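Structure, as structure tokens:
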Amino acid sequence: MFANSVVVLDFETSGMSPDYGDRAIEVGAVKIVDGIMVDQFQSLMNPNFRINGFIEDFTGIDNQMLSAAPDCEEVMQKFHEFLGDSNLVAHNASFDKRFLDAELAAIGARYSGQFACSMLLARRIYQQAPNHKLGTLVSYRNIQHEGVFHRALADALMTAKLWLAMLDDIGDQYQCWGMPFKMVTKLSKTPKKSVAKVLAQYRLEH
DNA sequence: TGCCAGGCCCTCTTTAGGGCCTT
């Protein structure tokens with residue numbers, strides 16, 4: 001069976017590090033229940049400072065848009081409710097996890113699920129891909145996509161489709177259908193050369 | 001963008017260095 005509920009999320013941010021004062025400026029997320037996308041969340045977030053020109057160009061989010069957006073704290077309260085007790089997925093999760101942790105800490109909240117990384121999993125099962133950027137993997141796996149790269153909901157949707165495609169491929173290639181989230185998380189941290197061996201062992205045990 | 005970050009991973013490694021990813 002699939003994990004009960006998984007939220008695939010993506011943050012657009014003012015920079016690379018919350019430890020250096022950067023904030024989230026947009027969050028997008030897709031909720032997957034039993035392998036089906038059932039809900040979405042998207043909101044701009046006003047960090048109450050001006051973002052630089054590179055971020056405006058990179059994301060298409062400008063200071064005027066942010067000045068009209070609700071504060072980060074208000075958005076994160078709603079997003080925390082959206083998360084519930086779901087497990088979490090992001091592409092290069094270590095990046096989004098730092099911002100999620102920082103923004104939730106700012107409102108005195110935290111999440112309870114496990115956090116998995118679609119990039120680490122892709123590095124295991126698509127070892128022949130040209131690289132493991134989100135856009136490259138979407139093309140590599142022939143995933144249909146809508147919207148613009150580097151907007152939160154569009155990237156979250158693409159990551160969600162990639163995640164489901166990878167679960168399908170694990171099933172098809174290794175006869176390991178319906179692998180639990182916990183096992184997929186473990187797989188994403190398995191040394192590359194041991195992936196087939198770990199999957200074969202899992203198949204024998206299930 | 002540039003080089004203010006950081007976790008993962010490979011290798012000419014492990015008392016380290018550098019590329020990949022994310023904005």
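Bear in mind the structure is a predicted one, so any value in this text is a computation, not a measurement. Proteins get letters first, then strands, A, B, ... in listed order; numbering begins at 1 in each. These values consider heavy atoms only, across backbone and side chains, with no hydrogens, waters or symmetry-generated copies.
Residues from residues 65-75 of chain A lying near DNA chain B, meaning a heavy-atom separation below 4.0 Å, are absent.
With hydrogens and angles ignored, the 3.5 Å screen pairs no side-chain donor or acceptor of A/Asn87 with any backbone N or O of A/Val6. With hydrogens and angles ignored, the 3.5 Å screen pairs no side-chain donor or acceptor of A/Asn46 with any backbone N or O of A/Asp71. A donor-acceptor contact shorter than 3.5 Å is absent between the side chain of A/Asp62 and the backbone of A/Glu56. Side chain of A/Asp155 to main chain of A/Phe149: no donor-acceptor pair is present (N/O by atom type, distance under 3.5 Å, no hydrogens or angles).
As judged by a 4.0 angstrom heavy-atom cut-off over every strand, A/Lys192 is placed among residues touching the sugar-phosphate backbone only. Note on A/Ser14: nothing from the nucleic acid sits closer than 4.0 angstrom, heavy atoms only. Nucleic acid contact class of A/Phe99 (heavy atoms, under 4.0 Å, all strands): none. No contact: A/Thr190 has no heavy atom under 4.0 Å from any strand. A/Asp57 comes within 4.0 angstrom of nothing in the nucleic acid, heavy atoms only.
Residues A/Ala116 and A/Thr185 approach most closely at CB-OG1, 3.8 Å, considering heavy atoms. Taking both residues in full, the closest heavy atoms of A/Phe99 and A/Ala24 are given as CD2-N, 4.0 Å, listed atom of the first, atom of the second, then distance. When all heavy atoms of A/Pro130 and A/Tyr140 are compared, the pair lying nearest together is CD-CD1, 3.8 Å.
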Worked verdict on A/Thr136 versus A/Asn131 for side-chain hydrogen bond (donor to acceptor under 3.5 Å, both in side chains) = CA-CA 7 Å; A/Thr136 302; A/Asn131 59 57; 2.8 Å; yes
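Separation of the C1' atoms belonging to B/dT13 and B/dC8 is 15 Å when rounded to the nearest angstrom. B/dG6 and B/dC12 have their P atoms separated by 28 Å, with the value rounded to a whole Å. When the C1' atom is compared between B/dC10 and B/dT14, the two are found 13 Å apart, to the nearest whole Å. Distance noted for atom C1' between B/dG19 and B/dC3: 15 Å (whole Å).
With distances taken from any side-chain atom of A/Leu120 to the nucleotides B/dT1, B/dT23, B/dC8, the minimum falls on B/dC8. Closest to the side chain of A/His91, out of B/dA5, B/dC21, B/dC8, is B/dC21.
In the hydrophobic cluster analysis, where Ile, Leu, Val, Met, Phe, Trp and Tyr join through side-chain heavy atoms closer than 4.5 angstrom, A/Leu153 is grouped apart from A/Phe79.
Per the geometry, CZ belonging to A/Arg98 stands 11 Å off C1' belonging to B/dC21, to the nearest Å. Computed from coordinates, the A/Asp22 CG to B/dT1 P distance equals 18 Å when rounded to whole Å. Taking atom CG of A/Asn92 as the reference point, atom P of B/dG7 lies 11 Å away to the nearest angstrom. In this structure, CD of A/Glu103 is placed 20 Å from P of B/dT22, rounded to the nearest angstrom. In this structure, CD1 of A/Ile51 is placed 15 Å from P of B/dT1, rounded to the nearest angstrom. Summarising the geometry, the separation between OH on A/Tyr20 and C1' on B/dC3 is reported as 11 Å, rounded to the nearest angstrom. Counting to the nearest Å, the C1' atom of B/dT22 and the CZ atom of A/Phe115 are 12 Å from each other. Taking atom CG of A/Leu134 as the reference point, atom P of B/dT22 lies 7 Å away to the nearest angstrom.
Residue-environment remark: CZ (A/Arg203) exceeds the threshold of 12 foreign heavy atoms within 6.0 Å.
Both the sub-6.0 Å distance and the 45° axial angle are satisfied by A/Lys31 relative to the ring of A/Phe82.
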Within the sub-3.5 Å range, which N or O atoms of nucleotides 17-20 of chain B have a protein N or O partner, and how far apart are they?
unit_1, atom_1, unit_2, atom_2, d
B/dC20, O2, A/Arg123, NH2, 3.3

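Comparing A/Ser17 and A/Phe11 by the nucleotide of DNA chain B whose heavy atom lies nearest to each, the residue mapping closer to the 5' end is A/Ser17. A residue-by-residue look at A/Asn52 and A/Gly135 shows that A/Asn52 has its nearest nucleotide of DNA chain B further toward the 5' end.
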